Amino acid sequence: MTDTVERPLDLGGSFVAATVVAGAAGHRVGGRAVVVNCAPGDAWVAESPRRPIPPMTSTIVTDTTIEGAELLVVLRTDDEKAERIAGIADEPGWALLGELLGDRIGDGHGTTGGLPFDKGIPLSRGPQHTIGRVEFDPARVLREPAAAGTPDTFEVRVNLWFAPAGTDCFIHNRHDFIEVHTQVAGLGRMQKFREQDHSTLYQDLPMSPGYTTPDPFCSLGPDHTYVYPWHQYRADTDCVWLAIEYHRVPR
């Protein structure tokens, strides 16, 4: 049996404490925490009745044990700091997305085939880290009707985002990776649109702490590309959420 390996993860400051847990054979989670299953297989909560944390989803647990988990991120927030969560964007390693993009184009948020990113949007990103590698067949994970293919290796990268209450975080439709999002603090939503226009909204997914969007939004395109609908994050209150990105490793 593989030993559990746990290490701290600095996602930018003291507002969110994070750890990466690999090969969890009996990992004890003390206190209350958001547990994100970043792997393509089930993780299990060691309680009765025995129920899984499905792949690429999350839950909130309190004083329990997680077993059979390939790759987890465990997140804790301080209730006393929750009312000051906007301060996270002033912590080390954080920057406005507009500043990070600079004059670049071609970034997943920098250009979309439509309007370019509005650098006046107060959307901030914390430091990004690679937390491990996983293998899966993207056709299966993305629920494609095509026959199953050969599993690919994916590098898993994570980072936090922050947006203040009332922020529309820009409608876009391009990423060169598979992504899901986990709410950490505040109330927001992931939204899908028919066009790069707010009036074309057709799906609204409420996001509360501990919730992960249930399926990646994209479908498979040609040559290992991903086809996304027009989508955005919307912050109803001051919000912090975790982005989990799966970058295919070239063979």
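Residue indices begin at 1 and follow the sequence shown. Being a predicted model, the structure only gives us computed values, none of them experimental.
- No side-chain heavy atom of Cys218 sits under 4.5 Å from any side-chain heavy atom of Val227.
- In terms of modelled atom types and a separation under 3.5 Å, the side chain of Gln183 and the main chain of Ala185 share a donor-acceptor contact.
- One N or O on the side chain of Thr4 and one on the backbone of Gly23 form a donor-acceptor pair closer than 3.5 Å.
- One finds the CD1 atom of Ile88 at 11.0 Å from the CG atom of Asp238 (value rounded to the nearest 0.5 Å).
- Cluster annotation: Trp161 is not connected to Leu187 through the hydrophobic network of ILVMFWY side chains, with a link wherever side-chain heavy atoms come within less than 4.5 Å.
- Leu123 CG to Phe162 CZ: the interatomic distance, rounded to the nearest 0.5 Å, is 10.0 Å.
- Contact of the Leu242 side chain with the Leu11 side chain is registered, since non-hydrogen atoms from C-beta on lie closer than 4.5 Å.
- Residue Val158 is grouped with residue Met56 when hydrophobic side chains (ILVMFWY) are merged at heavy-atom distances under 4.5 angstrom, including chains of intermediate members.
- With respect to Arg157 and Glu155, a salt bridge is recorded, a charged nitrogen being found less than 4.0 Å from a carboxylate O.
- Counting only heavy atoms from C-beta outward, the side chains of Val16 and Leu160 approach each other to under 4.5 Å.
- Atom-to-atom distance recorded for Ile131:CD1 and Cys38:SG is 4.0 Å, nearest 0.5 angstrom.
- The two atoms that bring Pro40 and Glu70 nearest to each other are CD-OE1, 3.7 Å, heavy atoms only.
- Proximity of a side-chain donor or acceptor of Asp63 to a complementary backbone N or O of Gly30 within less than 3.5 Å is not detected.
- Contact detail for Glu91 and Ser14: the closest heavy-atom pair is OE1-N, 2.9 Å.
- When each of Gln196, Gln232, His231 is checked for a side chain to side chain donor-acceptor pair (under 3.5 Å) with His172, only His231 meets the rule.
- For Pro206 against Arg189, the heavy-atom pair with the smallest separation is CA-CB, 4.1 Å.
- Classification of the Trp241-Tyr233 ring pair by plane angle, with boundaries at 30° and 60°, yields parallel.
- For the pair Val249/Phe154, no side-chain contact is recorded, criterion being any heavy-atom separation below 4.5 Å from C-beta on.
- Under the 3.5 Å distance criterion, with hydrogens and angles disregarded, a donor-acceptor pair is assigned to the side chains of Thr64 and Glu47.
- Screening Gln191, Arg234, Lys192 for a side chain to side chain donor-acceptor pair (under 3.5 Å) with Asp204, the sole residue that qualifies is Gln191.
- A distance-only check finds no donor-acceptor pair linking the side chain of Arg133 to the backbone of Thr153 [under 3.5 Å].
- Scanning all heavy atoms of the two residues, the minimum distance from Ala24 to Ile66 falls at CB-O, 4.0 Å.
- Aromatic ring orientation, Phe177 versus His175: tilted (interplanar angle from 30° to 60°).
- Linking Ile, Leu, Val, Met, Phe, Trp and Tyr whenever their side-chain heavy atoms come within less than 4.5 Å puts Tyr246 and Tyr228 in one cluster.
- His129 pairs in a side-chain contact (heavy atoms from CB on, under 4.5 Å) with only one of the listed residues (Leu9, Val73, Val156), which is Leu9.
- Without hydrogens or angle criteria, Asn37 side chain to Pro54 main chain gives a donor-acceptor distance under 3.5 Å.
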For this session: List the steps, then state whether side chain to side chain contact (heavy atoms under 4.5 Å, CB included) holds for Asp78 with Phe15.
Result: CA-CA 7 Å; Asp78 187 335; Phe15 283 82; over 6 Å; no
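- Here the side chains of Phe217 and Pro229 are in contact, with some heavy-atom distance below 4.5 Å.
- At least one side-chain heavy atom of Val35 sits less than 4.5 Å from a side-chain heavy atom of Ile53.
- Taken to the nearest 0.5 Å, the CD1 atom of Ile178 stands 4.0 Å off from the OH atom of Tyr226.
- The closest side-chain heavy-atom distance from Met190 to Met207 is below 4.5 Å.
- In this structure, Val141 and Phe136 approach most closely via the heavy-atom pair CG2-CD1, 3.4 Å.
- Within the model, atoms NE2 of His27 and CD of Glu6 stand 4.5 Å from one another, a figure rounded to the nearest 0.5 Å.
- Arg50 forms a cation-pi arrangement with Trp44, by the criterion of a distance under 6.0 Å to the ring centre and an angle within 45° of the ring axis.
- Using modelled atom types, one side-chain atom of Asp118 and one backbone atom of Gly120 make a donor-acceptor pair closer than 3.5 Å.
- Taking both residues in full, the closest heavy atoms of Asn159 and Arg125 are given as ND2-CG, 3.1 Å, listed atom of the first, atom of the second, then distance.
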For this session: Check step by step if side chain to side chain contact (heavy atoms under 4.5 Å, CB included) holds for Ile244 and Glu179.
Result: CA-CA 6 Å; Ile244 306 104; Glu179 69 171 358; over 6 Å; no
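- With respect to Asp152 and Arg251, a salt bridge is recorded, a charged nitrogen being found less than 4.0 Å from a carboxylate O.
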Exercise. Stepwise, does the side chain to side chain contact (heavy atoms under 4.5 Å, CB included) test hold for Ile121 with Thr167?
Worked result: CA-CA 7 Å; Ile121 294 173; Thr167 302; 3.9 Å; yes
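- Sparse packing is recorded around CZ of Arg143, with 12 or fewer heavy atoms of other residues, nucleotides or ligands lying under 6.0 Å away.
- Using a 4.5 Å heavy-atom threshold, the side chains of Pro214 and Thr57 count as separate.
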For this session: Take Arg76 and Val29 through the test side chain to side chain contact (heavy atoms under 4.5 Å, CB included) and record every step on the way to the result.
Result: CA-CA 10 Å; Arg76 292 179 172 85; Val29 179; 3.5 Å; yes
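- Side-chain atoms of Asp223 and Thr225 include no donor-acceptor pair closer than 3.5 Å.
- Rounded to the nearest 0.5 angstrom, Ile171 CD1 and Phe193 CZ are separated by 4.0 Å.
- Within the 3.5 Å criterion, the main-chain N or O of Glu195 finds a donor-acceptor partner in the side chain of Thr200.
- Residue Val21 is not grouped with residue Val34 when hydrophobic side chains (ILVMFWY) are merged at heavy-atom distances under 4.5 angstrom, including chains of intermediate members.
- Hydrophobic clustering (ILVMFWY, side-chain heavy atoms < 4.5 Å, transitive): Leu96 and Val240 are in distinct clusters.
- In Arg28, the CZ atom is crowded: over 12 heavy atoms of neighbouring residues, nucleotides or ligands sit closer than 6.0 Å.
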